[in-house]
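Everything on this sheet refers to the single structure shown next.
Keep in mind that what you see is a predicted model, and the values were worked out from it rather than measured. Just the heavy atoms: all of them, side chains too, but no hydrogens, waters or symmetry mates, feed the values below. A, B, ... follow the sequence lines: proteins, then strands. Residue 1 opens every chain.
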Amino acid sequence: MTTQSTAEPRPQVQELDRVTIRFAGDSGDGMQLTGTQFTRTTAAFGNDIATLPDFPAEIRAPAGSLPGVSGFQISFSSNDIHTPGDAPDVLVAMNPAALRTNLADLPPGGALIVNADAFTANNLQKAGYAENPLSDGSLKDWNLFEIPISTLNARALDGLAMTSKQVDLTKNFFALGLMFWLYERSMEPTLRWIEEKFSSKPVIAEANARALKAGYAFGETTEIFHTHYRVKRASLPPGTYRNVTGNEATALGLVAAAQLAGRQMFLASYPITPASDILHQLSTYKHFGVKTFQAEDEIAAIGAAIGAAYGGSMGLTSTSGPGIALKTEAMGLAVMVELPLVVIDVQRAGPSTGMPTKVEQSDLLQLMHGRNGDAPIAIVAPATPAECFDYAIEAWRIALRYMTPVAYLSDGFLATGSEPWKVPSVADLPSIAVEGWTDRETFRPYRRDPETLARPWAVPGTPGLEHRIGGLEKADLSGNISYDPENHHRMTQLRHQKIANIANDIPDLQVYGPSRGDLLILGWGSTYGAIRSAVERLQAEGHAVAHAHLRHLNPFPRNTGEVLGAYRRVLMPEVNMGQLRLLIRARYLVDAVGLNKVRGKPYRIAEIEEAARLLLTEGAAQ
Amino acid sequence: MTTQSTAEPRPQVQELDRVTIRFAGDSGDGMQLTGTQFTRTTAAFGNDIATLPDFPAEIRAPAGSLPGVSGFQISFSSNDIHTPGDAPDVLVAMNPAALRTNLADLPPGGALIVNADAFTANNLQKAGYAENPLSDGSLKDWNLFEIPISTLNARALDGLAMTSKQVDLTKNFFALGLMFWLYERSMEPTLRWIEEKFSSKPVIAEANARALKAGYAFGETTEIFHTHYRVKRASLPPGTYRNVTGNEATALGLVAAAQLAGRQMFLASYPITPASDILHQLSTYKHFGVKTFQAEDEIAAIGAAIGAAYGGSMGLTSTSGPGIALKTEAMGLAVMVELPLVVIDVQRAGPSTGMPTKVEQSDLLQLMHGRNGDAPIAIVAPATPAECFDYAIEAWRIALRYMTPVAYLSDGFLATGSEPWKVPSVADLPSIAVEGWTDRETFRPYRRDPETLARPWAVPGTPGLEHRIGGLEKADLSGNISYDPENHHRMTQLRHQKIANIANDIPDLQVYGPSRGDLLILGWGSTYGAIRSAVERLQAEGHAVAHAHLRHLNPFPRNTGEVLGAYRRVLMPEVNMGQLRLLIRARYLVDAVGLNKVRGKPYRIAEIEEAARLLLTEGAAQ
Amino acid sequence: MTAETLPVLTRKDFVSDQEVRWCPGCGDYSILAQTQKTMPDFGVPREKIVFISGIGCSGRLPYYMATYGFHTIHGRAPTIATGLKAARPDLMVWVITGDGDALSIGGNHVIHAMRRNVDIRLIMFNNQIYGLTKGQASPTSEIGKKTKSTPQGTVDRPIVPLSVALTAEATFVARSVDTDTAHMQETLLAAGHHRGSAFVEVLQNCVIFNDDTFAPFTAKDVREDRMLVLRHGEPLVFGKERDKGIRLDGLRPVVVELGKEWSVADLLVHDETAADPTLAYILSRLTYPDFPVPVGVLRRVQAPTHDALIEAQMAEALAKRGPGDLGKLLLAGETWTVS
Amino acid sequence: MTAETLPVLTRKDFVSDQEVRWCPGCGDYSILAQTQKTMPDFGVPREKIVFISGIGCSGRLPYYMATYGFHTIHGRAPTIATGLKAARPDLMVWVITGDGDALSIGGNHVIHAMRRNVDIRLIMFNNQIYGLTKGQASPTSEIGKKTKSTPQGTVDRPIVPLSVALTAEATFVARSVDTDTAHMQETLLAAGHHRGSAFVEVLQNCVIFNDDTFAPFTAKDVREDRMLVLRHGEPLVFGKERDKGIRLDGLRPVVVELGKEWSVADLLVHDETAADPTLAYILSRLTYPDFPVPVGVLRRVQAPTHDALIEAQMAEALAKRGPGDLGKLLLAGETWTVS
Ligand SMILES: Cc1ncc(C[n+]2csc(CCOP(=O)(O)OP(=O)(O)O)c2C)c(N)n1
Ligand SMILES: Cc1ncc(C[n+]2csc(CCOP(=O)(O)OP(=O)(O)O)c2C)c(N)n1
Ligand code: SF4
Ligand code: SF4
Ligand SMILES: [Mg+2]
Ligand SMILES: [Mg+2]
């Protein structure tokens, strides 16, 4: 075995605060599984973690090709962390294509573990390498570990009744085992998982277990790695934790909302990346009274959700940007008939088909304005994967209390990224139940609750409340068709006021940092982690920099203007061309500056830090 | 014949500057036709005019019912006028329902001409009158002329081989004839029209002609009207004029654009009020090389338009707000593949089905933001019916020169309202022709023109340029699929820059009035006339008030910020809840104040005047 | 409340307080009247009945029914009905639509509601024109039809609504005519009593934009000779004198005179319950003037409904896994505790 | 350039420079290869050929063709093709779509393109699953199918693509299988030479999410016994030993053994040009295991195409009114002059 390690001899065990690992390989190499297993183990161990999967839109692009590369990054720490890490400390590259597409992210001196067996002429060519980088000296700036993973793994599986192709499919577990050794993780959770998963295929189970153990043993017994690392448990607040992705937390939050409201939930959806998993997961919750329906398209999906809402269920629809574009006409109908409805948008990079598996925050204005007529709806947006749980409930609270459609904005990074979630006790969750209307005497289809301006939810089947609703303008109170000019003006204002009033019923915008100062960084959605980390760094240097993160995007919290006014400058990083910024500027006439990178990737902390520094120095120069 | 006229004896002929008449009756009474005939005659006579039809969404609501009332208002003048008049001077009410729904608009002292025959118990009841208003004294504030129009008309038609129902259908021409006499109009154009229209039905032709003449004679011979009126020709700039509605002018502008570009036009549309007439009219222009296609829905319509554009035609689609909601996904595709496309939205009152025949300006933000991803397009909006001609051409100029979708925003008031249009000479129209790409050597699907950033239009059929486009993010230059992070960022910026650059190629925002002062009233679209008239009044009183009207809504003219900055206050009247205001505030951080009435009706001049005065005095109090 | 204890309802109980706003003479009036008349027959309390419509003149119908009603958006009524019925199997759901609403913009939703056997009764008012938007061609307009949008005649071949419904696997397919009130009642009754996706086409006269389109075969004096009333189990006989019939020549239906060469025994016998839809398909394609126009029930078969299948899965999940325990669900998977 | 003077093209001329990105073993590879192979046969220059696709794994095909290509949005390819063909009758337009793209979200557009007889060749890759979104049920998935979105099995009855195409009045309807390269070439050739709306279903194996769905009847060893190759004018014989056939019992197709009670003369004879679609409809509904699965051309009839009808109206208008004069048009109607 050849190794060109340039690592200095180091002590046997080294303690680290934080480590970031990226697994990268061919889509067929099982990188997502490898990453997930490392994540589970690490989460269960008690580190704080954050993950970032990154995979191609193709189901299985040609083996060895550049577009076929799939990656999974995990950052874990003994402290509270907010992002999956700007740059990996360790890159595991299972083939030349993975090396080529990921190397630029690995800082010089970083550890680079490659499967040397994969650097064949054919694979090198597919990756566009004229020379073998392992031998042409081009990797000298990194701490390179060349390991013939395929060979070693095959040897470990010797004797099992498997084809060589099957054997090769387990090599990711060899790599995983090696990383487990390197970072002092237990193999137990993964071994248990293997056992369960392949209970009906004992040979495959045996093979995977052997691969894992072989990788672990390789680390232990060879001398390539002069050391291994320890990242202590994080001191998270007490509680029971689990690791969740945003899509998982969203689905759990939705089920919880149904239980808290005491109503049947009805999800009608049409598959689309990266939202489909919410449909998949909810379709396994029938014993919670959750009905799911895969419609013929997005229009039918929202139509069915509205139908269910009309019938008294919690009508729900989930999609991504292109699907929202198809739902807007029906969302307008829901505004006019004032029924509760939650519309989930797991955003991806646009416009049009765009980059389906990549993150972007560019549907905010579509949800805010993308309907004919003046048709306001409420909008909420969780900031982290775990928060998805809370905001799924919050979306429902608003929808039910105000009889209105609510948009819930997640994105590809939140959806597939993960973090530890402190599991709440059910007893601590809010009740969001609302009563249907039954009283005949006082019933008027558009009589409003004086506080919320919500109209009664009078569902078919309720005797004596037979009435008609529809998309034509409704007469105040009676709900009959009305072309009366004054009525239309009044109803338009009522629809606006109803949404605006929600501001009285949501928490103030919180500020992290000084309550006034030089710079406020204002964000929303999945930029949370990067902004918070950047602000922490700047604060540590003594800058008067604060972070505020909006979760309610329509209406805004009541103190938003006040908060914005307390800082000399406002910086708004968004993974779009400035959508929230437009709304903030229009509303508060604050000259907020945008940071707008749309690369299909989450922000790196450094990018935000840099933009912030620029504004801070600009100020100093004045 | 009873008349309760309270009119004072007046001289035989009185000269007036301006008169506003409203015809109102049952949908079955032919009020739109009556109004149109009066308009044609008046336009041809040489008055400046402005018209406002107002009709129900029902095809034919029950005869005599309130929702069945149809109205047509025309204002004509010897001066330059901008609106169909805040309030009528004369109301012609053909039945009780028409009286009831229109009387509130007639100022005290105004002339009220009613068809007394229609005030039957049955009709009174349908209109919700407990007492007959003609006899209960409730009309004493108006100058009432009770005329038994049905009876008089029937008498005039005596001896014709017609059913009494057929006879009754001509009574509107009796009313028309009377108005012709009252305002000294010639019957000739209408008599000619009758002759042509009913050339195959001589009895009907005869009946209508007799009805018209009988009405005229009635005015001349009876003494009910002590006077008749003269409104002199307006001194319009020299030229040849015709009267056009906005929809007509739009259709003509589109045909002109096709001729000026020297390309086939392909309109794909799905019927919807108030946009359908553009489809109807263009479908009669096949000899101009205009193809029209009624698609199965709005999505198919824009799809077909994009297909035609891809093939080198001028792909066009027309609709109203609910239809736009369905087109947004495909508009995003057009943004991504950068093809020229014009999308016409004749706005109506929303949200949802709303009030289909009523005016509103509430689709601006839908067109600006209603697409997934960051997907900018250009937007233009004519301000008057006649301007629709110019901006149809302008929309095409931009679409072709910049290879971009362009939204063209009209509305129900522009679409059906009319004004005199000075017909341009074809030689004076701009050339907007662009060449398709043919050169193989230099061809790259996404190589851009350095000035416009437009990509080449390389249409199928061009040898050697075979290439593939699509909705996935495109690699710069090659147009191949790209998931490269930097490429996506660059392409997103290029798409924005391309639209932003159009600002270099459009005229500055013009100001009517002082170039700096106390108040700027900023409008767009069909509010033009009311704003201009209000500003004229205020200027006449010496106020430092100016009017600016945006026709390019994205991007804005380059001097917009400068103009806004030159006034102490900015007032923005819109028939929506403040959509342009949001964009202006966000862009220029100007504290523009909104005037937002959404009544399905155009602004009255007085409403704008009043809002302006409020801001002016507020200022004075400071 | 069981059917026995229900107050007996009459037509009047189904008339709402809203003024009816169709053109005088419109065929919609008759459809509305027959609908109101048949409602009491179902023994369903008023509050359990819902009318859902799209946009078009037809779409106004729900306002006139004293039941629950939802006037939705163009073409999408079947989707809303699908969601409502899936969420609320206890309701009786009717969908009211037009030829443009159902077959132009809404064609796909109709097909999918039918294939899913959603338990809705979809009544399509076919006037072969767009009424509400003032007279453009619809997907059932005959080729060459001159309309506002097609001044030289439409170039699109029409589709046959009944064939579409059959191909979409609707479990109940029927046709009636606005002018034949008795037949319409019969048809609406049959549709109302069916469980599953029912598609009913009603030929409806639009007096304003397409007057008398169907008159060549529906007019009183000719209808017996030019229309074929389908009756389950009976041979396909028609004609004022019951002297004509339809027999099959191979797969080709032919009109024959009875009495000479052919007798009733030679004729096709109608079987609305045939598992195979071929007979119904052949009937759906008979058009005037080559054939008499068939009215009545073309197909009526039993199949599990969409809502029943969903409920079965709900029950299965419950039986297998017990009622969901939220606390347990949240704590599922790997957890760890920090203290 | 006439067909004679055209350079002779070969398959290679139709292979683009883009790397093909389907899963190894996917049936799409074969469809692509056969498509590239048949292109030269049409004698159409490369620049006159356009491939338009929707979204799905199938939707990638245009990138791999060295012709013009447009990868559009989900379900809408037929609309874009309709506009392109109407604007540009000189082009040969192919539409590439999947079972979800064509029959779920895009069902209505397919129907309307077919009924208009738009001169496009629509090739639907039917893998009875959503491939690109990783395995959800499609409208052609069998009832009860367990997928990611239907863990207890889908409750939706499938629709039959060929029946839908027939009911939509497509003038050419055919089916082939990815694994039978010769038959696929034959079918694509026939589709390519047809003028009018052509609908071709290709049964396509998705190795990842629905592997071997068709294997029970397409596998080499059984296919002759379980598939029925349709040939115009020939009786419906099948089986390795050509010992089975299909005859009609009334309207009901039945499988019979030849040689004993029945002979070839008793069998149904295929007629792809029959004006009446009934035979094709019956064939479209034969499914395994009750029947052999038919492949080949079910229907091929002539009718004026959409673009030809539009051009005829353009010509008619021109002939009647002369070339449009913009100046005159602007001055049409009542005008007056101010001097
Ligand atoms: C999205 C949308 N597109 C178009 C329209 C305009 N529109 C209303 S009804 C209608 C067609 C009506 O035809 P049909 O369904 O046959 O009903 P009918 O009026 O003949 O009863 C159209 C195109 C609309 N309301 N919404
Ligand atoms: C508007 C929209 N909705 C949903 C999607 C997600 N999506 C992409 S392909 C697809 C279905 C693919 O199935 P099919 O047409 O059968 O193609 P296959 O991948 O099986 O070839 C879906 C739902 C999308 N891209 N756009
Ligand atoms: S337009 Fe036609 S369909 Fe509509 S109400 Fe009038 S007659 Fe009936
Ligand atoms: S997912 Fe299925 S259909 Fe898609 S490329 Fe892979 S094998 Fe082919
Ligand atoms: Mg109709
Ligand atoms: Mg598929």
Measure the shortest side-chain to side-chain distance between C:Arg11 and C:Met39 over non-hydrogen atoms and say whether it is less than 4.5 angstrom.
no
Would you say A:Ile469 and A:Tyr310 make side-chain contact, with heavy atoms under 4.5 Å?
yes
is_close_aromatic(C:Phe14, C:Tyr64), centroid dist under 6.0 Å:
no
Looking at C:Glu316, C:Arg321, C:His306, C:His74, which has the largest count of heavy-atom pairs under 4.5 Å with chain A?
C:Arg321
Highest number of heavy-atom pairs under 4.5 Å with chain C: which of A:Gly461, A:Gly332, A:Pro460?
A:Pro460
Sort A:Ala43 into side chain, backbone, both or neither according to what part of it lies under 4.5 angstrom from a heavy atom of chain C.
both
Distance-only donor-acceptor check, side chains A:Thr438 and A:Thr462, under 3.5 Å
no
In terms of heavy-atom pairs under 4.5 Å, which option from C:Met65, C:Glu311, C:His109 contacts chain A the most?
C:His109
Pair count under 4.5 Å, heavy atoms only, with chain C: among A:Leu465, A:Leu236, A:Val255, highest is A:Leu465
C:Asp90 portion near chain A, given a 4.5 angstrom heavy-atom threshold:
neither
Does the C:Ser16 side chain pair with the main chain of C:Tyr63, one donor and one acceptor, at a distance under 3.5 Å?
yes
Part of A:Pro420 lying under 4.5 Å from any heavy atom of chain C
both
With a 4.5 angstrom heavy-atom cut-off, could you sort out which part of C:Arg60 is near chain A: side chain, backbone, both or neither?
side chain
Do C:Thr305 and C:Arg116 have side-chain heavy atoms sitting under 4.5 Å apart?
no
Name the region of C:Gln313, side chain, backbone, both or neither, that has any atom closer than 4.5 Å to a heavy atom of chain A.
both
Would you say that A:Ser431 contacts A:Leu260 through its side chain, given a criterion of any heavy-atom pair below 4.5 Å between the two side chains?
no
Would you say the side-chain atoms of A:Lys286 pair up with the backbone N or O of A:Ser283, donor to acceptor, closer than 3.5 Å?
yes
From the list C:Ala317, C:Ser53, C:Gly75, the residue making the most non-hydrogen contacts under 4.5 Å with chain A is C:Ala317
Let me know if A:Glu329 has heavy atoms under 4.5 Å from chain C in its side chain, its backbone, both or neither.
both
Heavy-atom contact with chain A under 4.5 Å, split by part of C:Ile310:
side chain
Please rank C:Pro323, C:Ala332, C:Gly59 by heavy-atom pairs under 4.5 Å with chain A and give me the top one.
C:Ala332
Considering only heavy atoms, which portion of C:Thr72 lies under 4.5 Å from any heavy atom of chain A: side chain, backbone, both, or neither?
both
The interface call for A:Ala268 against chain C, heavy-atom contacts under 4.5 Å, is neither
Taking side chain as everything from C-beta outward and backbone as N, CA, C, O, which of these in C:Ala81 sits under 4.5 Å from a heavy atom of chain A? Side chain, backbone, both or neither.
neither
Between A:Glu296 and chain C, which part of the residue has a heavy atom less than 4.5 Å away: side chain, backbone, both or neither?
both
Are A:Phe288 and C:Leu318 packed together at the side-chain level, in the sense that at least one heavy-atom pair is separated by less than 4.5 angstrom?
no
Is any side-chain heavy atom of A:Pro424 closer than 4.5 Å to one of A:Leu429?
yes
With a 4.5 angstrom heavy-atom cut-off, could you sort out which part of A:Ala330 is near chain C: side chain, backbone, both or neither?
both
Do the ring centers of C:Tyr29 and C:Trp22 come within less than 6.0 Å of each other?
yes
Using side-chain heavy atoms (C-beta onward) and a distance below 4.5 Å, is C:Leu122 in contact with C:Met114?
yes
When heavy-atom pairs shorter than 4.5 Å are enumerated against chain C, which of A:Leu333, A:Leu252, A:Val426 gives the highest number?
A:Leu333
Would you mind checking which part of A:Val244 comes under 4.5 Å of any heavy atom in chain C, side chain (CB onward), backbone (N, CA, C, O), both or neither?
neither
Give the member of C:Thr67, C:Val50, C:Thr82 that has the highest number of heavy-atom pairs under 4.5 Å with chain A.
C:Thr67
Looking only at side-chain N and O atoms, does C:Ser197 offer a donor or acceptor that is under 3.5 Å from a partner on C:Asn117?
yes
Close side-chain approach of C:Leu61 to C:Phe125, heavy-atom, < 4.5 Å:
yes
Heavy-atom distances under 4.5 Å only: say whether A:Thr284 touches chain C with side chain, backbone, both or neither.
both
Are there residues of residues 299-308 of chain A that reach to under 4.5 Å of chain C by heavy atoms, and which ones?
A:Ile299, A:Ala300, A:Gly303, A:Ala304, A:Ile306, A:Gly307, A:Ala308
Determine whether the aromatic ring centres of residues A:Phe389 and A:Trp421 are separated by less than 6.0 angstrom.
yes
Parallel, tilted or perpendicular: ring planes of A:His467 versus A:Phe443, cut at 30 and 60 degrees
perpendicular
Is it true that A:Thr240 and A:Lys422 share a donor-acceptor pair across their side chains at a distance under 3.5 Å?
no
Quick check on C:Arg76 against chain A: is it the side chain, the backbone, both or neither that has a heavy atom closer than 4.5 Å?
side chain
Quick one: of C:Leu91, C:Ile52, C:Thr335, C:Leu329, who has the most non-hydrogen atom pairs under 4.5 Å with chain A?
C:Leu329
Assign the ring pair C:Trp336 / A:Tyr241 to parallel, tilted or perpendicular, where the plane angle (0 to 90°) is split at 30° and 60°.
parallel
Tell me whether the NZ or CZ atom of A:Arg468 lies within the 45° cone about the ring axis of C:Tyr68 and under 6.0 Å from its centre.
no
Between C:Leu330 and chain A, which part of the residue has a heavy atom less than 4.5 Å away: side chain, backbone, both or neither?
both
Let me know if A:Arg192 has heavy atoms under 4.5 Å from chain C in its side chain, its backbone, both or neither.
side chain
